[in-house]
Amino acid sequence: MIKYIRLIFTCGWYILIKWPKICKMAKNKEKYPITERYNAVRTLILHVLKHWHIDIHTEGLEQYLNYQGKKLIIMNHLSAIDCLAFIAECEKPIMFIAKKEVEKYPFVGKIVKVIDGLFLDRDNLLNQMRTLNQAMKIAKDENGPDVTIFPEGTRNKIPGTKCLAFKAGTFKIAMKAGIAIFPVAIYGAFRLVPTKYNMKKFPVQISVLNPILPEEFEKHNSFDFASKCQKLIDNEILKMREKDLLYLKDIKMSKKCYSLAIESDLRDFNA
């Protein structure tokens with residue numbers, strides 16, 4: 001609760017000033033280029049995350065930013081804040097495919113919408129097909145944002161365990177569009193929302209792994225890529241847990257808070 005009170009006092013006024021513009025852009029997206037909308041959103045997110053005391057550590061981001069051509073970003077999912085953390089570190093416009101419930105989330109739902117995000121109904125097969133076709137069109141559009149998707153299909157509610165099974169269908173977006181796949185591992189953002197984590201600083205790690213290039217699509221199918229990316233991200237998360245322990249040791253906090261914070265790092269990874 002303390003961190004939310006602190007957040008309201010430190011940047012509540014800033015959000016109140018910027019939010020009407022974000023809402024206006026969300027309602028009239030055709031009047032604003034994606035770069036303008038994305039930059040407005042990213043500026044707001046950077047300000048909020050700064051006052052939320054998030055300490056983001058990135059690896060491999062340069063190879064993503066320097067890659068010439070459209071990309072599909074495949075990311076594990078532990079928190080609603082995952083997308084905000086990645087936007088904060090990514091200068092190039094990206095969009096997200098999220099479950100339909102996210103559209104009603106305060107702040108996050110509007111953010112996803114204004115940057116051309118799509119909302120998928122997991123209980124409606126027709127909607128899923130329509131949403132993936134829309135994502136494919138965006139993926140092919142050289143002037144559009146890069147598509148980001150969580151292949152687990154939902155949030156993994158037990159941090160410190162392996163990713164949920166990756167859905168092979170999500171990889172068809174890249175295969176049919178002929179674009180590179182960039183696996184991304186993220187860890188630590190799950191501590192931001194729960195009130196039990198009362199920390200002065202929240203370490204979040206983002207690691208962009210080596211891409212799967214379109215030349216490889218002829219040799220493998222979507223199930224192969226789902227299995228490969230899941231293993232790559234799982235292995236990276238194991239490394240992140242070790243680094244996370246080191247980051248947490250440098251943060252001043254009570255013994256109780258420290259015990260809660262390291263719980264995910266010490267959990268059986270195969271649980």
Side-chain angles (χ1 to χ4, degrees), residues 1-29 31-56 73 75-122 131 145-150 152-157 159 184 186-206:
M1 184 61 68
I2 294 175
K3 60 186 175 185
Y4 288 114
I5 295 173
R6 181 179 64 201
L7 189 64
I8 291 170
F9 276 101
T10 54
C11 64
W13 62 271
Y14 187 84
I15 295 174
L16 288 174
I17 292 172
K18 297 294 183 180
W19 198 242
K21 181 68 172 181
I22 298 294
C23 293
K24 184 178 179 180
M25 287 180 166
K27 288 183 179 179
N28 304 282
K29 291 191 289 186
K31 294 183 179 181
Y32 303 91
I34 180 61
T35 50
E36 184 178 349
R37 286 182 274 128
Y38 185 79
N39 288 336
V41 162
R42 185 166 178 264
T43 299
L44 176 61
I45 289 172
L46 284 168
H47 188 88
V48 171
L49 296 190
K50 176 184 176 182
H51 290 281
W52 215 338
H53 295 182
I54 298 180
D55 183 23
I56 301 179
I73 302 158
M75 186 186 298
N76 66 299
H77 193 24
L78 291 167
S79 168
I81 309 300
D82 292 338
C83 60
L84 303 186
F86 195 62
I87 290 172
E89 295 301 303
C90 190
E91 298 174 2
K92 293 183 177 180
I94 57 174
M95 57 80 78
F96 289 84
I97 300 176
K99 61 183 180 181
K100 68 172 185 177
E101 291 83 359
V102 172
E103 190 172 8
K104 297 180 181 179
Y105 286 6
F107 193 79
V108 176
K110 190 71 70 176
I111 292 296
V112 172
K113 185 177 181 180
V114 79
I115 58 173
D116 290 342
L118 301 174
F119 300 98
L120 185 145
D121 186 348
R122 294 175 295 178
T131 302
D146 285 331
V147 176
T148 306
I149 192 166
F150 302 110
E152 293 166 282
T154 188
R155 179 170 56 88
N156 182 353
K157 297 179 176 63
V184 175
I186 183 166
Y187 187 81
F190 56 85
R191 297 191 183 101
L192 273 90
V193 176
T195 55
K196 66 178 182 179
Y197 298 115
N198 185 24
M199 300 157 60
K200 293 185 177 180
K201 188 164 61 173
F202 295 88
V204 175
Q205 298 177 67
I206 298 174

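One-based numbering along the sequence shown. Because the structure is a prediction, the values reported are computed rather than measured. Below, all heavy atoms of this structure are taken into account, side chains as well, without hydrogens, waters or symmetry copies.
To the nearest 0.5 Å, the span separating SG on Cys11 from CG on Leu16 amounts to 10.0 Å. Lys24 NZ to Trp19 CH2: the interatomic distance, rounded to the nearest 0.5 Å, is 16.0 Å. Distance check, rounded to the nearest 0.5 Å: CD of Glu103 to NZ of Lys113 gives 5.5 Å. From Glu101, atom CD reaches atom CG of Leu120 across 9.5 Å, with rounding to the nearest 0.5 Å. Distance CD1/Ile22 to CG/Leu44: 5.5 Å, rounded to 0.5 Å. Once rounded to the nearest 0.5 Å, the distance linking CG of Asn76 with CZ of Phe150 reads 8.5 Å.
The two atoms that bring Val48 and Phe107 nearest to each other are CG2-CZ, 4.3 Å, heavy atoms only. Annotation for Cys23 and Lys110: closest pair SG-CE, 4.1 Å, computed over non-hydrogen atoms. Across every non-hydrogen atom of Val114 and Arg37, the tightest pair is O-NH1, 2.8 Å.
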(message) side-chain contact (heavy atoms from CB on, under 4.5 Å) for Leu49 and Trp52? Distances and angles first, verdict last.
(response) CA-CA 5 Å; Leu49 296 190; Trp52 215 338; 4.0 Å; yes
(request) For Lys18 and Thr43, run side-chain contact (heavy atoms from CB on, under 4.5 Å): C-alpha distance rounded to whole Å, both residues' side-chain angles, the deciding distance at 0.1 Å, then the answer. (result) CA-CA 10 Å; Lys18 297 294 183 180; Thr43 299; 5.7 Å; no
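Considering only heavy atoms from C-beta on, Thr148 stays 4.5 Å or farther from Val184 through its side chain. When side chains are defined from C-beta on, Ile81 counts as touching Val193, because their heavy atoms get closer than 4.5 Å.
Using cut-offs of 30° and 60° on the angle between ring planes, the pair Phe190 and Tyr197 is perpendicular.
Residues forming a side chain to side chain contact (heavy atoms under 4.5 Å, CB included) with Lys21 (at least two apart in sequence, or on another chain): Met25, Tyr32.
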Would you list the atom pairs, donor with acceptor, under 3.5 Å between side chains in residues 82-99 and any protein atom, with sequence neighbours excluded?
| unit_1 | atom_1 | unit_2 | atom_2 | d |
| --- | --- | --- | --- | --- |
| Asp82 | OD2 | His77 | ND1 | 3.0 |
| Asp82 | OD2 | Leu78 | N | 2.8 |
| Asp82 | OD2 | Ser79 | N | 2.9 |
| Lys92 | NZ | Leu65 | O | 2.5 |

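More than 12 heavy atoms of other residues, nucleotides or ligands sit less than 6.0 Å from atom NZ of Lys29.
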